[in-house]
Amino acid sequence: MFFDVPGKHSSNRDERDFCGALGDSKQSLVYFYSSTCLLCRSVAPTVEQEREKRSSWLGFASVCTDDQANWAPEMINYQIESVPCFVLLDKQGNAVAKTGKPRGKAHLTSALHTLLRLASDPQQQQQ
């Protein structure tokens with residue numbers, strides 16, 4: 001999985017993922033989550049499936065907000081008020097869209113798919 005499961009938090013990997021997403025020349029989806037959040041864990045398989053399907057043209061990064069002091073600048077910059085939260089970034093690292101406060105798994109999954117539809121697949125644009 002591209003994000004940490006409870007008990008296996010790795011801030012260094014989150015930092016590498018996040019820096020890689022910002023330095024990549026493609027759009028990215030950043031997943032802000034907490035290792036203790038049940039909703040975050042329940043949507044994890046869906047997030048992983050989407051990453052596997054789209055990683056050739058869409059960057060993915062995860063940020064575990066358990067260490068809020070470490071991630072405060074990013075949380076402020078992208079206005080993360082609750083987790084889980086997804087932020088779609090353009091190629092320059094600017095936020096294009098993000099999910100709001102989740103009201104449950106179905107709501108969060110629907111919001112995730114809305115962001116993924118907003119992301120542009122270069123293969124589909126050439127057709």
Side-chain angles (χ1 to χ4, degrees):
M1 292 195 143
F2 83 105
F3 58 92
D4 297 313
V5 293
K8 296 185 179 182
H9 174 68
S10 172
S11 184
N12 288 337
R13 201 203 61 231
D14 283 354
E15 289 176 25
R16 283 193 310 271
D17 284 354
F18 188 74
C19 290
L22 290 178
D24 206 342
S25 61
K26 53 188 174 183
Q27 290 180 305
S28 296
L29 185 72
V30 181
Y31 179 40
F32 289 87
Y33 71 100
S34 171
S35 65
T36 60
C37 168
L38 294 177
L39 182 56
C40 298
R41 294 188 339 213
S42 74
V43 75
T46 302
V47 176
E48 181 64 17
Q49 288 172 354
E50 295 300 337
R51 184 195 65 81
E52 288 175 2
K53 287 193 308 193
R54 302 168 195 270
S55 63
S56 65
W57 59 270
L58 182 65
F60 281 79
S62 61
V63 174
C64 182
T65 59
D66 292 349
D67 182 4
Q68 289 187 5
N70 186 47
W71 291 104
E74 289 78 10
M75 292 175 71
I76 291 168
N77 183 52
Y78 296 116
Q79 300 175 346
I80 306 304
E81 298 173 1
S82 61
V83 293
C85 184
F86 295 97
V87 180
L88 179 63
L89 306 178
D90 65 15
K91 294 177 182 181
Q92 292 75 39
N94 301 309
V96 174
K98 73 172 192 165
T99 57
K101 186 171 182 172
R103 295 187 304 249
K105 184 177 179 181
H107 176 254
L108 183 62
T109 302
S110 175
L112 169 62
H113 287 116
T114 297
L115 289 184
L116 291 171
R117 281 191 300 276
L118 290 173
S120 51
D121 180 352
Q123 295 292 343
Q124 289 181 351
Q125 289 178 351
Q126 293 175 356
Q127 295 176 356

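The chain is numbered in sequence order, starting from 1. All heavy atoms count here, side chains included; hydrogens, waters and symmetry mates do not.
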**OP:** Mind running side chain to side chain contact (heavy atoms under 4.5 Å, CB included) on F32 and V87 for me, showing each step along the way?
**Re:** CA-CA 8 Å; F32 289 87; V87 180; 3.8 Å; yes

List for me each residue that meets side chain to side chain contact (heavy atoms under 4.5 Å, CB included) alongside [X], sequence neighbours excluded, and say none if there are none.
| X | result |
| --- | --- |
| A72 | none |
| S42 | L39, K105 |
| R54 | E50, W57, L58, F60, L116 |

Quick check for you: to the nearest 0.5 Å, what is the distance between [X] atom [atom1] and [Y] atom [atom2]?
| X | Y | atom1 | atom2 | value |
| --- | --- | --- | --- | --- |
| H113 | L115 | NE2 | CG | 10.5 Å |
| S34 | D67 | OG | CG | 11.5 Å |
| Q27 | Q92 | CD | CD | 9.5 Å |
| S62 | L29 | OG | CG | 10.5 Å |
| R103 | S110 | CZ | OG | 9.5 Å |
| W71 | Y78 | CH2 | OH | 10.5 Å |

**OP:** Take V47 and Y33 through the test side chain to side chain contact (heavy atoms under 4.5 Å, CB included) and record every step on the way to the result.
**Re:** CA-CA 12 Å; V47 176; Y33 71 100; over 6 Å; no

Where do [X] and [Y] come nearest, in terms of heavy atoms and distance?
| X | Y | answer |
| --- | --- | --- |
| T99 | P84 | OG1-O, 4.4 Å |
| C37 | C40 | SG-SG, 2.7 Å |
| V43 | Y31 | CG1-OH, 3.3 Å |
| L118 | A97 | CD1-CB, 3.8 Å |

Subject >> Test side chain to side chain contact (heavy atoms under 4.5 Å, CB included) applied to T46 and L112, step by step >> reply: CA-CA 9 Å; T46 302; L112 169 62; 4.1 Å; yes

Original post:
Does any N or O in the side chain of D66 come within less than 3.5 Å of the main-chain N or O of S35, such that one atom is a donor and the other an acceptor?
Top reply: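 A pair under 3.5 Å: yes.
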
Subject >> Residues T65, M75; criterion side chain to side chain contact (heavy atoms under 4.5 Å, CB included); working and verdict >> reply: CA-CA 8 Å; T65 59; M75 292 175 71; 3.9 Å; yes

